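Just so it is clear, the structure is predicted and the values come from calculations on it, not from any experiment.
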Amino acid sequence: MSHLFRRVSKNLSSFPTRSLSSRRSNFSTATPPYLLLGRDVVGDSPCGGKLVNFNLYDPKTQKHVKIENQTLTKELNESKWIASSRGWLASTNKNDSTVHLSNLSKKKTITLPPLTRDKFEHLVNVSVSSSDCCVVAVKFYGSRVSLCRLGDSEWTRVDVPCPSFHSSTVIYSERDERFYLNNCNPDYTGPTDFTPTSNPGLLTPVSGYMRFPFSNFLEEMPEQEEETCLSRFKIQQQLVQSSSGQSFIVCWFVERFTDRGEAAPWGDTSYNNNNKEGLCKKTHKIMVFRQDEEQRLGPHTDDIGDLCIFLGDNEAFCLSAKDYPGLNPNSVYFGGHGSGFGICDLATRTISYLSDSPPPSGRMFWIPPSSA
């Protein structure tokens with residue numbers, strides 16, 4: 001599989017994979033943003049938990065970083081990472097389903113009530129508001145969003161009956177002070193306010209984000225891709241906002257291959273069961289559409305200035321390369337969903353992978369500065 005991953009990587013990118021070095025560090029020097037790749041248990045801690053090494057990737061220095069001998073409490077060690085937002089890493093306890101928010105840099109953990117779910121419900125992502133009265137939103141595939149304010153004894157369920165939002169992510173907009181679900185259908189004309197009237201004390205509204213039509217989506221795709229894009233690629237649409245209030249819809253194209261290097265279209269269901277283990281996923285391209293509120297259009301853009309967008313199993317976010325020396329401006333950093341991790345240079349439309357090894361198992365999270 002590693003041989004296939006290297007071969008596919010070279011075929012999909014005009015950039016060489018980068019030569020990566022590694023270093024040991026601690027959270028006081030390994031400042032965000034970074035990509036959390038996983039953790040290794042190295043021993044027991046006196047408190048009944050575990051000592052672990054965290055494996056990170058620092059995009060500013062382009063190095064792997066190992067944070068050694070960090071203490072995890074028993075509760076956190078028995079929890080599974082599910083998402084990240086605004087510097088917080090969310091996990092659920094395998095025994096009692098309690099939710100924990102951990103800030104690894106500040107060594108701070110907040111515990112929330114149990115979040116129960118049906119075994120068929122799959123989590124999409126988590127978003128944490130930045131207001132003084134912090135609210136956490138958890139989005140599942142389908143019609144469910146669950147909200148919890150710090151100090152609440154239970155989660156509040158919000159049902160979103162509109163199919164256009166069923167596969168959407170949730171983000172918190174500092175500009176509008178509300179949670180948004182990204183609408184994947186520009187022709188949608190139904191309700192957009194999903195705030196539960198039974199619990200107005202939650203304070204943070206939940207709304208559908210009515211994106212503008214993509215003005216030149218198909219024109220930006222080669223003819224052969226235009227004909228097969230619906231089946232060949234899995235296209236994830238994510239809403240992201242910059243600190244200045246600019247809004248973008250990012251389309252992330254992921255394709256998959258068999259262990260023989262043959263394309264396995266997402267629309268071909270014969271691969272979904274028997275051949276899942278032998279499939280390799282790769283990011284094919286990333287397209288950014290600016291939300292132009294004056295013209296009410298979503299034009300494709302190759303220029304987002306000095307901004308960098310970070311996509312993964314985390315809540316998507318933007319940073320300015322001017323504020324974080326070493327980051328590549330006008331780029332999208334991606335990682336997760338089994339497709340490896342790397343950079344898309346928007347100006348040249350090229351993908352540069354940051355490792356030629358098979359991607360780590362499990363979810364990967366870009367962790368922003370806590371204030372982002």
Side-chain angles (χ1 to χ4, degrees), residues 83 85-86 90 115 117 121-149 152 155-217 235-252 287-301 304 309 311 314-318:
S85 172
R86 299 182 183 277
L115 179 63
R117 55 175 170 169
E121 282 188 307
H122 297 288
L123 182 141
V124 179
N125 78 313
V126 172
S127 179
V128 179
S129 75
S130 60
S131 59
D132 294 334
C133 185
C134 181
V135 177
V136 181
V138 179
K139 176 65 171 63
F140 296 90
Y141 284 105
S143 62
R144 177 184 172 190
V145 181
S146 290
L147 303 179
C148 185
R149 183 175 50 187
D152 285 353
W155 293 79
T156 297
R157 177 175 178 136
V158 179
D159 287 310
V160 181
C162 316
S164 295
F165 299 94
H166 281 190
S167 62
S168 73
T169 55
V170 59
I171 76 159
Y172 177 75
S173 170
E174 291 190 60
R175 182 190 67 183
D176 301 330
E177 297 184 334
R178 65 181 57 236
F179 289 110
Y180 276 125
L181 304 179
N182 176 33
N183 174 26
C184 297
N185 179 10
D187 298 323
Y188 175 76
T189 57
T192 58
D193 184 5
F194 306 122
T195 307
T197 56
S198 61
N199 197 345
L202 279 172
L203 299 179
T204 306
V206 180
S207 300
Y209 182 83
M210 299 306 296
R211 71 168 177 83
F212 302 125
F214 294 157
S215 59
N216 51 352
F217 180 73
I235 307 175
Q236 303 174 43
Q237 298 185 35
Q238 296 203 28
L239 169 66
V240 61
Q241 289 187 334
S242 69
S243 59
S244 63
Q246 297 181 77
S247 298
F248 304 94
I249 300 294
V250 185
C251 291
W252 186 1
M287 300 174 69
V288 178
F289 295 85
R290 188 185 302 275
Q291 297 297 282
D292 190 328
E293 296 187 4
E294 292 185 0
Q295 299 187 34
R296 303 191 66 79
L297 290 174
H300 172 258
T301 181
I304 58 173
I309 296 174
L311 301 180
N314 50 275
E315 178 184 26
F317 62 91
C318 286

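Listed for the Asn183 side chain is no donor-acceptor partner under 3.5 Å among the backbone atoms of Phe165. Side chain of Thr169 to backbone of Gln238: no donor-acceptor contact under 3.5 angstrom is found. In this structure, the side chain of Arg117 does not engage the main chain of Phe140 through any donor-acceptor pair within 3.5 Å. Using a distance-only test at 3.5 Å, with no hydrogens or angles considered, no donor-acceptor pair links the side chain of Glu293 to the main chain of Ser247. Checked by atom type and distance alone, the side chain of Asp193 pairs as donor or acceptor with a backbone atom of Thr195 at under 3.5 Å. When atom types are taken as modelled, the side chain of Ser168 and the backbone of Leu181 share no donor-acceptor pair closer than 3.5 angstrom. Within the 3.5 Å criterion, the main-chain N or O of Pro299 finds no donor-acceptor partner in the side chain of Asp292. With Lys139 contributing its side chain and His166 its backbone, the two residues share a donor-acceptor pair below 3.5 Å. A donor-acceptor pair under 3.5 Å links the side-chain atoms of Arg175 to the main chain of Gly245, judged by distance alone.
Residue Glu315 comes nearest to Ile171 through the heavy atom pair OE2-CA, 3.1 Å, listed as atom of the first residue, atom of the second, then distance. The shortest heavy-atom contact between Phe179 and Val135 is CZ-O, 3.5 Å.
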Show your reasoning for whether side chain to side chain contact (heavy atoms under 4.5 Å, CB included) applies to Ser127 and Tyr180. CA-CA 10 Å; Ser127 179; Tyr180 276 125; over 6 Å; no
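Donor-acceptor pairing under 3.5 Å is lacking for the side chains of Arg211 and Gln291.
Judged as a side chain to side chain contact (heavy atoms under 4.5 Å, CB included), and not counting sequence neighbours, Ser243 has no contacts.
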